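Indexing begins at 1, ligand by ligand and atom by atom, following the structure's order. None of these values were measured; they are calculated from a predicted model. In this chain, numbering begins with 1 at the start of the sequence shown.
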Amino acid sequence: MKQQRALIVGGSVGGLFAAHLLRAAGWDVAVFERSRSDLADRGASIGTRTDLFDILKRIGIQPDPSVGVAVSSRLCLGGDGASLCEIPSPSLNSSWDRIYRPLRDTLPAALYQSGRKLEIIEQNDNGVTAIFDDGTRESGDLLIAADGIHSTVRNQLLPAVQPVYAGYVAWRGVIEESALTADEHKLLFGRMAFCLPDRELLLSIGMPGRAADTRPGHRRYYWIWFRPADEHGALADLCTDDTRTRHGSSIPPHLVRRDVVAALHDDAQRVLAPSLAAIVRRTAQPFPHGVYDVETPRMVMGRTVLLGDSAFVARPHVGAGITKAALDAQCLADAVTQESDLATALARYERERHAYGKALIARARYLGSYLEAAAKTNGVMPKRQPETVLAEYGAAGKIG
Ligand SMILES: Cc1cc2nc3c(=O)[nH]c(=O)nc-3n(C[C@H](O)[C@H](O)[C@H](O)COP(=O)(O)OP(=O)(O)OC[C@H]3O[C@@H](n4cnc5c(N)ncnc54)[C@H](O)[C@@H]3O)c2cc1C
């Protein structure tokens with residue numbers, strides 16, 4: 001039987017999981033990534049789940065202890081610094097590059113083409129063709145759109161599906177472990193620390209250091225602070241630089257205006273626990289980005305499938321984007337191996353992964369609902385007792 005060929009558009013974690021797993025299933029795979037530079041330095045902290053490690057092992061990547069920083073509990077601090085509650089919750093917090101790097105390095109270089117930007121696809125009953133911005137074409141039996149939240153493929157096939165703004169921004173920052181004071185380190189490192197100012201939420205956690213260094217003293221500390229911001233007013237202002245250029249719904253860290261950072265520092269001092277406020281104020285380049293939902297009505301269209309963030313983007317509260325992309329890829333590889341033909345395999349993929357994506361989005365929306373403006377909550381206002389928030393985050397991302 002002729003070997004099947006998969007064209008994978010997008011060479012981030014979703015595309016890489018698909019490439020490895022389909023290759024192991026006997027397919028010929030080719031990954032096309034528009035970026036010419038290495039993607040390893042783009043991500044920050046990521047929560048992990050056992051399914052993610054199971055899939056890495058299936059690929060042949062054995063996670064070692066340096067894959068993450070161990071966390072023993074979730075702790076909630078009041079604005080005055082008092083400990084409001086703490087629940088045991090052992091977990092491992094990793095970093096984006098710690099997952100991406102081995103996936104990239106273990107895929108044969110010839111299968112990964114950088115600087116290939118997909119422009120449009122053509123498909124019929126017999127196959128699918130990808131057409132790139134330099135006019136070159138590639139043909140295959142299946143095209144996997146792992147091209148992220150602003151997916152070119154989804155925009156062509158389902159133009160009505162667009163990211164929907166959640167009503168708040170996420171400020172993010174990373175600071176070296178060595179920059180924490182001894183008191184801050186004792187209180188915070190090794191725990192996931194929360195602070196819940198009115199209609200806001202800050203979460204902070206240890207993560208691996210540069211070059212995946214997890215030696216004590218060489219790790220980093222990460223925080224993410226969710227704050228309400230209307231899309232055309234506050235978000236637009238946060239993402240506008242000193243030259244009055246607006247950078248969409250996010251802005252490169254080095255372009256964030258000084259007055260915006262100064263206001264963040266003032267607010268940190270006013271509403272956060274003193275230890276967390278001090279860390280926010282000491283962080284070199286915090287940056288904001290809008291929080292969005294993406295929800296597709298379909299994941300399979302002819303010989304094209306959406307995978308990972310091109311299909312569903314759940315708010316960061318569930319910390320599940322990478323695991324979801326890995327599970328999508330695993331389901332697709334299992335379906336094409338176990339089902340009698342491609343059409344049946346794709347129908348199974350649609351059925352199983354669409355239900356999962358919908359459920360994950362709903363959970364992330366629920367967790368974020370108290371951060372939204374009152375008009376957007378549809379009457380759903382979960383209690384935000386610290387115990388409830390800590391327990392709910394503990395269950396985040398566990399769908400099915
Ligand atoms: C604040 C924040 C916190 C997060 N925290 C977590 C977490 O704790 N845990 C977790 O698991 N996930 C987390 N995520 C999500 C995670 O980063 C993504 O879900 C994950 O990277 C899977 O994405 P993907 O591979 O589907 O798409 P992406 O990573 O977005 O990759 C898409 C790729 O496609 C390429 N591309 C796009 N268009 C084209 C084109 N036309 N032609 C060729 N290539 C193209 C892009 O260059 C990119 O490399 C977080 C995200 C954010 C924003």
Q. Side chain, backbone, both or neither: which part of Thr152 has a heavy atom under 4.0 Å from ligand 1?
A.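 Under 4.0 Å from ligand 1, Thr152 contributes side-chain atoms alone.
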Q.
Test of understanding: given a 4.0 Å heavy-atom threshold, classify the contact between Ala320 and ligand 1 as side chain, backbone, both, or neither.
A.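 Answer for Ala320: backbone.
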Proximal ligand 1 atoms for [X], defined as those under 4.0 Å from one of its heavy atoms:
| X | value |
| --- | --- |
| Val9 | 42 (N), 43 (C) |
| Gly308 | 26 (O) |
| Phe32 | 43 (C), 44 (N) |
| Gly47 | 7 (C), 8 (O), 9 (N) |
| Ala146 | 32 (C), 33 (C), 34 (O) |
| Gly14 | 25 (O) |
| His289 | 1 (C), 53 (C) |

Q) Is the centre of the Tyr168 ring less than 6.0 Å from the centre of the His317 ring? A)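 Under 6.0 Å, so yes.
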Q) Please, which pairs that meet salt bridge (charged side-chain N to carboxylate O under 4.0 Å, His left out) have at least one residue in residues 186-195, sequence neighbours excluded? A) Glu86-Arg191
**Q.** Arg303: salt bridge (charged side-chain N to carboxylate O under 4.0 Å, His left out) partners, not counting sequence neighbours
**A.**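 By the salt bridge (charged side-chain N to carboxylate O under 4.0 Å, His left out) rule, Arg303 matches no residue at all.
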Could you tell me whether some N/O pair between [X] and ligand 1 is separated by less than 3.5 angstrom?
| X | value |
| --- | --- |
| Lys117 | no |
| Ile149 | no |
| Ser310 | no |
| Arg172 | no |
| Leu118 | yes |

Q. Does any N or O in the side chain of His354 come within less than 3.5 Å of the main-chain N or O of Pro297, such that one atom is a donor and the other an acceptor?
A.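 Yes: the side chain of His354 pairs with the backbone of Pro297.
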Q | Donor-acceptor under 3.5 Å (Thr323 side chain, Ala320 main chain) | A | no
Is there a continuous path of hydrophobic side-chain contacts, each under 4.5 Å between heavy atoms, that joins [X] to [Y]?
| X | Y | result |
| --- | --- | --- |
| Leu77 | Leu84 | no |
| Ile131 | Leu142 | no |
| Ile120 | Leu158 | no |

Q. Should Trp96 be listed as contacting ligand 1, given a heavy-atom distance under 4.0 Å as the test?
A. yes
Q) Is the closest heavy atom of Arg116 to ligand 1 under 4.0 Å? A) yes
Q: Can you figure out which of Gly319, Gly10, Gly115 has its heavy atom closest to atom 9 (N) of ligand 1?
A: Gly319
Q) atom 31 (O) of ligand 1: which of Gly290, Gly11, Ser94, Ser12 has the nearest heavy atom? A)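 The option holding the nearest heavy atom is Ser12.
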(Q) For Tyr366, does the six-membered ring have the charged nitrogen or CZ of Arg363 within the cation-pi criterion, i.e. under 6.0 angstrom from the centroid and within 45° of the normal? (A) no
Q. Honestly, is Arg315 close enough over Tyr292, meaning NZ or CZ under 6.0 Å from the six-membered ring centre and within 45° of the axis?
A. no
Q: Evaluate the criterion salt bridge (charged side-chain N to carboxylate O under 4.0 Å, His left out) for residue pair Asp38 and Arg101; output intermediate values, then yes/no.
A: CA-CA 10 Å; Asp38 194 87; Arg101 185 80 274 152; 2.9 Å; yes
